[in-house]
Amino acid sequence: MSGFLFVTLVSVGVLLGSSEAQDDFSKLPDDYKKGVELAVQQINSHEGIKSHFIFFKSLSKSDIDGGFAVNYIYHHFYLKATKCPKGTSDANPTKCAFRNDRPLIDCGICYKMHRGEIQNEPKPYVHCVHKPKLTQVLMSARVEHCGKMSYTNGSPTLLAARKPQ
């Protein structure tokens, strides 16, 4: 009886964990979802990856309003391996259960959005590393890169180009 109870509790925990991850993704603003989808696409296209990875959890997110419908996005999150093979279409935690025998992938991404679309310039920065290999040096480099990116918003503003009177 206790074995059955244990299996039932573990099963419920897995289902709750999966639905929480899907809820977390569905609650993300669209600008952040697009970035997660970009990272997932890059991870799942890597030839060394065998399982399909999907969004697991947001750790932090921020955005800077650049004016003129431009936002600079930074998002730090985890991806987690599923039991579905790489290439599975329409993967989600309900369809593809999470694997607990693989390390999480820690992702930090930053990119420029204009009117709801990720811009090619500056090139979106997607930095994803298996969590055990993530060092403080890598984290610092990631944050530094994204910090520099948000301050390169093109030409001078109208106020800076004003002639003195």
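Bear in mind the structure is a predicted one, so any value in this text is a computation, not a measurement. Note that the numbering runs from 1 along the sequence shown for the chain.
- Residues meeting the side chain to side chain donor-acceptor pair (under 3.5 Å) test with D106, sequence neighbours left out: H76, R142.
- Between the side chain of D65 and the backbone N or O of G67, at least one donor-acceptor pair lies under 3.5 Å.
- Among residue pairs with one or both ends in residues 60-92, those qualifying as disulfide bond (SG atoms under 2.5 Å apart) are C84-C96; sequence neighbours excluded.
- For K33, the NZ atom is densely surrounded, since the number of other residues' heavy atoms within 6.0 Å is greater than 12.
- Considering only heavy atoms from C-beta on, H127 comes within 4.5 Å of L138 through its side chain.
- Remark: N92 CG to F55 CZ distance equals 14.0 Å, nearest 0.5 Å.
- Evaluation of the salt bridge (charged side-chain N to carboxylate O under 4.0 Å, His left out) rule for R99 yields D101 as partners, not counting sequence neighbours.
- By the criterion of side-chain heavy atoms lying less than 4.5 angstrom apart, applied directly or through intervening Ile, Leu, Val, Met, Phe, Trp or Tyr residues, V70 is grouped together with I64 in one hydrophobic cluster.
- Under the side chain to side chain donor-acceptor pair (under 3.5 Å) criterion, T88 pairs with no residue at all, not counting sequence neighbours.
- With sequence neighbours excluded, no residue forms a side chain to side chain donor-acceptor pair (under 3.5 Å) with E121.
- Under the 4.5 Å side-chain heavy-atom criterion for ILVMFWY residues, a single connected hydrophobic cluster contains both V126 and M113.
- Tracing side-chain contacts under 4.5 Å through hydrophobic residues (I, L, V, M, F, W, Y), one never reaches I43 starting from L134; they form parts of separate clusters.
- Counting only heavy atoms from C-beta outward, the side chains of H52 and N44 approach each other to under 4.5 Å.
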Verify side chain to side chain contact (heavy atoms under 4.5 Å, CB included) between Y78 and I105, making sure each step is shown before the conclusion. CA-CA 5 Å; Y78 289 150; I105 292 184; over 6 Å; no

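- Evaluation of the disulfide bond (SG atoms under 2.5 Å apart) test over residues 109-138, restricted to residues two or more places apart or in two chains, returns C107-C128, C110-C146.
- Cluster membership check: M139 does not share its hydrophobic cluster with L59, using side-chain heavy-atom separations under 4.5 Å among Ile, Leu, Val, Met, Phe, Trp and Tyr.
- A search for salt bridge (charged side-chain N to carboxylate O under 4.0 Å, His left out) contacts involving E47 returns nothing, not counting sequence neighbours.
- By the side chain to side chain donor-acceptor pair (under 3.5 Å) test, K80 pairs with N100, sequence neighbours left out.
- With salt bridges taken as basic N to acidic carboxylate O contacts below 4.0 Å, one links K148 and E144.
- In this structure, the side chains of K112 and I118 stay at 4.5 Å or more apart for every pair of heavy atoms.
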Assess whether side chain to side chain contact (heavy atoms under 4.5 Å, CB included) is satisfied between F98 and I54, documenting all intermediate values. CA-CA 9 Å; F98 285 121; I54 57 177; 3.5 Å; yes

How far apart are the C-alpha atoms of L28 and V36, what are their side-chain angles, what is the distance that settles it, and do they pass the side chain to side chain contact (heavy atoms under 4.5 Å, CB included) test? CA-CA 10 Å; L28 284 175; V36 168; 4.0 Å; yes

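- Looking only at side-chain heavy atoms (C-beta outward), V40 and L79 come within less than 4.5 Å of each other.
- Taking the side chain as every heavy atom from C-beta outward, H46 and I49 approach each other to under 4.5 Å.
- Note: F56 and F77 fail the aromatic proximity criterion, with ring centroids not under 6.0 Å apart.
- Between H75 and Y32, the ring-plane angle classifies as perpendicular under the 30° and 60° cut-offs.
- No single ILVMFWY cluster, assembled from side-chain heavy atoms under 4.5 Å apart, contains both Y111 and Y125.
- Remark: Q41 pairs with L38 by the side-chain contact (heavy atoms from CB on, under 4.5 Å) rule, at least two apart or across chains.
- Between K86 and K50, the closest side-chain pair of non-hydrogen atoms is not below 4.5 Å.
- Contacts of Y74 classified as ring pair (Phe, Tyr, Trp, His ring centres under 6.0 Å), with partners at least two apart in sequence or in another chain: none.
- Partners of D31 by salt bridge (charged side-chain N to carboxylate O under 4.0 Å, His left out), not counting sequence neighbours: none found.
- Partners of K34 by salt bridge (charged side-chain N to carboxylate O under 4.0 Å, His left out), not counting sequence neighbours, listed by chain and number: E117.
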